[in-house]
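Below is one structure, written out as structure tokens, with a few remarks after it.
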Amino acid sequence: MFKIIQRSMRPTSLHLFTFKVYAAPKKDSSPQNPVKVDELSLYSVPEGQSKCTYTNLCQETYSQTKPKMQSLVQWGLDSYEYLQNAPPGFFPRLGVIGFAGLNGLFLARGSKIKKLVCPPGFTGLAAFICYPQQAIVFAKVSGERLYDWGLCGYIPGNVKNSPGTK
């Protein structure tokens, strides 16, 4: 009974290891020629070389994701460098904008529409107050794009000039 308990108490990570088992010959048997692995019915030797079927798929996925990951790493490095040499007054403004977003989350309890409108609305309002010159440029560009997009619905032949096509 002790051996059963001992076997059930072993760690499960031992199942990941492979072990070689050697059989000792019986004392009364005569020595025989060893049997080769090829001669056993349980084992089959693969013929030729094995083919890697997923190599092309992995290489294609890697070639597609590598530029995206490099641009993401570069964006992170640029952001880190910008934050190290931030312009004066950047962090207080960032704090005000973040606090406005958190207030929007706090006030958006209850309705799903409030949850969609309040946090971005408060954050945008605080950003417009902290950065008025950039807000004016953003509003002009956004307004022109929205106007063009709205015209696409009224003028049937204006698909060529729609914002989504170039």
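We're numbering straight along the sequence, starting at 1.
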Full working for side chain to side chain donor-acceptor pair (under 3.5 Å) between Glu81 and Asn85: CA-CA 6 Å; Glu81 185 179 327; Asn85 303 321; 5.0 Å; no
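- When Lys68, Gln70, Met69 are each tested for a side chain to side chain contact (heavy atoms under 4.5 Å, CB included) with Lys66, only one passes: Gln70.
- Summarising the geometry, atom CG belonging to Leu102 is positioned 11.0 Å from atom CG belonging to Leu107; distances are rounded to the nearest 0.5 Å.
- Under the side-chain contact (heavy atoms from CB on, under 4.5 Å) criterion, Pro87 pairs with Tyr82, Phe90, sequence neighbours left out.
- In this structure, Ser63 contributes its side chain and Glu60 its backbone to a donor-acceptor pair below 3.5 Å.
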Using atom types as modelled, flag every donor-acceptor pair under 3.5 Å from a side chain in residues 109-136 to any protein atom, sequence neighbours excluded.
{"residue": "Arg109", "atom": "NE", "partner": "Phe106", "partner atom": "O", "Å": "3.3"}
{"residue": "Ser111", "atom": "OG", "partner": "Ile113", "partner atom": "N", "Å": "3.2"}
{"residue": "Thr123", "atom": "OG1", "partner": "Pro119", "partner atom": "O", "Å": "2.7"}

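- Hydrophobic clustering of Ile, Leu, Val, Met, Phe, Trp and Tyr side chains at less than 4.5 Å, counting indirect connections, unites Ile97 with Phe91.
- One finds the CG atom of Leu94 at 8.0 Å from the CG atom of Leu83 (value rounded to the nearest 0.5 Å).
- Partners of Gln59 according to the side-chain contact (heavy atoms from CB on, under 4.5 Å) rule, which considers only residues two or more places apart in sequence or in another chain, are Thr55, Asn56.
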